[in-house]
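Notes to accompany the following structure.
If you read the sequence from its start, that first residue is 1, and numbering goes on from there. The figures that follow rest on heavy atoms only: side chains count, while hydrogens, waters and symmetry mates do not.
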Amino acid sequence: MRQEETVSDDLHLASLCAKGDRTAQKRLYDRLAPKMFAVCLRYMGDRDSAEDILQDGFVTLFSKIDSYSGEGSFEGWARKIFVNTALMSLRKNDILKQSEDIEVAWGLSSPDASAVQNVSYRELLQMVAKLPPGFRTVFNMYVIEGYSHKEIGEALGISENTSRSQLMRARTVLQGWLKNREK
């Protein structure tokens with residue numbers, strides 16, 4: 001399908017969903033759920049929590065669907081809703097309350113990029129899911145979603161230095177797991 005057709009289909013589907021068309025909502029759910037579940041799982045780390053966030057995200061998506069303007073990717077617009085839903089849940093549970101500033105973390109070794117060469121994307125995502133919530137959240141936001149440390153700090157209510165520290169520590173933990181995996 002060409003991009004113009006996809007955008008047109010997205011607008012049409014969004015329009016039907018905004019009018020409460022259950023068939024369109026089911027079609028949209030079936031189309032987005034697998035991808036958005038993967039997003040939720042990356043942030044939450046376990047299937048039960050990810051399923052809760054997925055459902056909450058769809059409630060939000062359907063309640064705000066009339067605000068989709070058709071500019072940009074519909075999937076990208078939806079992804080932001082699911083990321084924000086996960087972040088709200090993590091903030092509510094104060095996942096970073098035991099975070100350390102970067103000055104405390106300076107003693108940690110820097111990650112070795114070569115340790116990643118022999119691991120599949122799926123294995124790496126499984127390792128990321130096992131990270132403590134603060135590490136996992138910052139890693140996902142910075143590495144996968146492309147947020148800056150300033151944006152992460154604002155979204156999570158932490159300092160930029162804390163964001164950097166959490167990312168450095170996540171990378172260090174992942175590096176350790178990768179090295180142990182090779183042995």
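- Residues satisfying the salt bridge (Lys or Arg N to Asp or Glu O under 4.0 Å) criterion with K26, sequence neighbours excluded, are D30.
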What verdict does the side chain to side chain contact (heavy atoms under 4.5 Å, CB included) test give for L174 and F135, after you've listed the backbone C-alpha separation in whole Å, the side-chain angles of each residue and the deciding distance to 0.1 Å? CA-CA 10 Å; L174 288 171; F135 294 3; over 6 Å; no
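- Atoms OH and CD, on Y142 and E151 in that order, are 11.0 Å from each other to the nearest 0.5 Å.
- The distance from the CG atom of L54 to the CG atom of L32 is 9.5 Å, given to the nearest 0.5 Å.
- R79 has a carboxylate O that lies under 4.0 Å from a charged side-chain N of E145, or vice versa, which qualifies the two as a salt bridge.
- Side-chain atoms of V143 and L167, non-hydrogen and from C-beta on, do get closer than 4.5 Å to each other.
- Side-chain contact between I144 and L125: present, with at least one pair of heavy atoms (C-beta onward) separated by less than 4.5 Å.
- With sequence neighbours left out, T85 forms a side-chain hydrogen bond (donor to acceptor under 3.5 Å, both in side chains) with no residue at all.
- Residue pairs meeting the ring-ring contact (aromatic ring centres under 6.0 Å, His included) criterion with at least one member in residues 14-44, sequence neighbours excluded: Y29-F58.
- R42 places a side-chain heavy atom less than 4.5 Å from the side chain of V39.
- The distance from atom CE of M36 to atom CZ of F82, rounded to the nearest 0.5 Å, is 6.5 Å.
- M127 and L131 fall within a single hydrophobic cluster, where Ile, Leu, Val, Met, Phe, Trp and Tyr side chains are chained together by heavy-atom contacts under 4.5 Å.
- Remark: R22 engages Q25 in a side-chain hydrogen bond (donor to acceptor under 3.5 Å, both in side chains) (not counting sequence neighbours).
- A heavy-atom distance below 4.5 Å is found between the side chains of L13 and R31.
- Rounding to the nearest 0.5 Å places NZ of K35 at 14.5 Å from SG of C40.
- No side-chain heavy atom of E51 sits less than 4.5 Å from a side-chain heavy atom of Q55.
- The shortest non-hydrogen separation linking G57 to I81 is O-CG2, 3.6 Å.
- With S165 contributing its side chain and N161 its backbone, the two residues share no donor-acceptor pair below 3.5 Å.
- When all heavy atoms of A155 and M141 are compared, the closest pair comes out as CB-CE, 3.9 Å.
- Pairs of residues two or more places apart, or lying in two chains, never qualify as ring-ring contact (aromatic ring centres under 6.0 Å, His included) while including a residue from residues 151-176.
- Here OG of S163 is found 13.0 Å from NZ of K150. Values are rounded to the nearest 0.5 Å.
- Of the possible polar contacts, one joining the R136 side chain to the M44 backbone as a donor-acceptor pair under 3.5 Å is found.
- Of all non-hydrogen atoms in C17 and I65, the two that sit nearest each other are CB-CD1, 3.7 Å.
- Contact annotation: the side chain of V138 approaches that of L156 to within less than 4.5 Å [non-hydrogen atoms, C-beta and beyond].
- In terms of modelled atom types and a separation under 3.5 Å, the side chain of S63 and the main chain of T60 share a donor-acceptor contact.
- Clustering ILVMFWY residues whenever any of their side-chain heavy atoms sit less than 4.5 angstrom apart, transitively, puts F62 in the very cluster that holds L11.
- To the nearest 0.5 Å, atoms CG (L41) and CG (D48) are separated by 10.5 Å.
- Between the side chain of S49 and the main chain of D46, no donor-acceptor pair closer than 3.5 Å is present.
- Taking 4.0 Å as the cut-off between side-chain N and carboxylate O, D9 and R27 count as a salt-bridged pair.
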Apply the test side chain to side chain contact (heavy atoms under 4.5 Å, CB included) to residues R164 and M168: give CA-CA distance (whole Å), side-chain angles for both, the deciding distance (0.1 Å), then the verdict. CA-CA 6 Å; R164 286 185 180 92; M168 182 188 316; 6.0 Å; no
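- Remark: F74 engages Y68, W77 in a ring pair (Phe, Tyr, Trp, His ring centres under 6.0 Å) (not counting sequence neighbours).
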